[in-house]
Amino acid sequence: MKFKKTSATDTYLNAIKKNLTCSRMTRKKLLSGLRQEIFERNAENDPSSILGSPESVAAELQKSVADSEVRYIKNRNRALFIAGAVIAVAALVVLAIYLIIVIRAQPVRVVEYIHDVKDYSID
């Protein structure tokens, strides 16, 4: 069943979406059911007046998500963060090593210019 999207409903559902910790498939099912409930109650213009704040609705929906799924998502997110940090540090190390090698490989030129050297010593 297709529902007409309204900006108030989308904003409300996006606020709830940000507060859910679950898989994409679970989140899609939960939000689809909630969207249907919003349209059945004719609350498209102001869903929070009937259903409550997005945070409280998200907390209620979160209770229906299995603990194992929440644990899996949190562990996956942590692993992705750590992998990203390791890749960033490795890239910086490689860049530093490259710059050190390039700087050392450059020939050193000593150029001196002497213009009108005058002795101003006091004797």
Side-chain angles (χ1 to χ4, degrees):
M1 184 180 223
K2 287 281 186 179
F3 298 104
K4 182 179 139 189
K5 291 183 180 182
T6 61
S7 62
T9 300
D10 289 338
T11 303
Y12 184 76
L13 292 175
N14 283 334
I16 292 170
K17 182 179 178 180
K18 291 177 186 176
N19 291 308
L20 290 175
T21 304
C22 56
S23 69
R24 188 176 297 150
M25 187 173 65
T26 302
R27 186 171 39 248
K28 188 175 179 179
K29 287 179 184 177
L30 291 172
L31 293 176
S32 175
L34 190 57
R35 181 181 295 278
Q36 183 176 354
E37 185 175 344
I38 288 170
F39 282 97
E40 285 174 359
R41 292 185 177 196
N42 292 323
E44 298 94 355
N45 295 328
D46 190 15
S48 59
S49 66
I50 294 175
L51 298 174
S53 72
E55 293 80 14
S56 64
V57 173
E60 285 298 316
L61 290 174
Q62 190 67 48
K63 291 177 185 177
S64 67
V65 179
D67 290 339
S68 59
E69 184 176 347
V70 173
R71 242 186 339 272
Y72 171 77
I73 295 297
K74 285 183 178 181
N75 287 339
R76 186 196 66 190
N77 290 347
R78 186 178 306 119
L80 288 173
F81 176 78
I82 291 170
V86 167
I87 290 170
V89 169
L92 287 174
V93 168
V94 168
L95 178 63
I97 291 170
Y98 173 76
L99 289 175
I100 289 170
I101 291 171
V102 167
I103 289 172
R104 287 185 180 209
Q106 297 294 321
V108 177
R109 288 190 234 161
V110 178
V111 180
E112 293 182 30
Y113 295 98
I114 301 175
H115 297 284
D116 299 325
V117 177
K118 295 181 182 178
D119 185 15
Y120 291 106
S121 58
I122 298 175
D123 288 326

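In this text, all values refer to a predicted model and were calculated from it rather than measured experimentally.
Residues Pro54 and Ile16 come closest through the heavy atom pair O-CG1, 3.6 Å. Contact between Ala43 and Ile50 at its shortest, heavy atoms only, is CB-CD1, 3.4 Å. Across Gly52 and Tyr12, no two heavy atoms sit closer than the pair O-OH, 2.7 Å. Shortest non-hydrogen contact noted between Asn19 and Ala58 is CB-CB, 3.5 Å.
Using a 4.5 Å cut-off on side-chain heavy atoms (C-beta onward), Leu20 and Leu61 make contact.
Under the side chain to side chain donor-acceptor pair (under 3.5 Å) criterion, Glu37 pairs with Arg41, not counting sequence neighbours. For Arg71, the salt bridge (charged side-chain N to carboxylate O under 4.0 Å, His left out) test picks out no residue, with sequence neighbours left out. Taking Asn14 as the reference, Lys17 meet the side chain to side chain contact (heavy atoms under 4.5 Å, CB included) condition, with sequence neighbours excluded. Judged as a side chain to side chain contact (heavy atoms under 4.5 Å, CB included), and not counting sequence neighbours, the contacts of Lys29 are Met25. With sequence neighbours excluded, the residues satisfying side chain to side chain donor-acceptor pair (under 3.5 Å) with Ser23 are Thr26, Glu69. By the side chain to side chain donor-acceptor pair (under 3.5 Å) test, Ser56 pairs with Ser53, sequence neighbours left out. Shown here are the salt bridge (charged side-chain N to carboxylate O under 4.0 Å, His left out) partners of Lys18, two or more places apart in sequence or in another chain: there are none.
Listed by chain and number, the hydrophobic cluster partners of Ile73 are Tyr72, where partners are ILVMFWY side chains within reach of under 4.5 Å, directly or through others. Cluster note: Val93 groups with Val89, Ile97, Ile101 through ILVMFWY side-chain heavy atoms spaced under 4.5 Å, whether in direct contact or through intervening members. In the hydrophobic clustering, Ile87 connects to no other residue, as no ILVMFWY side-chain heavy atoms lie under 4.5 Å from its own. Under a 4.5 Å side-chain heavy-atom criterion applied to ILVMFWY residues, the cluster that includes Leu95 comprises Tyr98, Leu99, Val102 as well.
The side-chain hydrogen bond (donor to acceptor under 3.5 Å, both in side chains) analysis of residues 75-93, with sequence neighbours excluded, yields the pairs Asn75-Arg78.
Without hydrogens or angle criteria, Gln62 side chain to Thr21 main chain gives a donor-acceptor distance under 3.5 Å.
Linking Ile, Leu, Val, Met, Phe, Trp and Tyr residues whenever their side-chain heavy atoms come within less than 4.5 Å places Leu31 and Val70 in a single cluster. Taken together through direct or relayed side-chain contacts under 4.5 Å among Ile, Leu, Val, Met, Phe, Trp and Tyr, Leu30 and Leu51 form part of one hydrophobic cluster.
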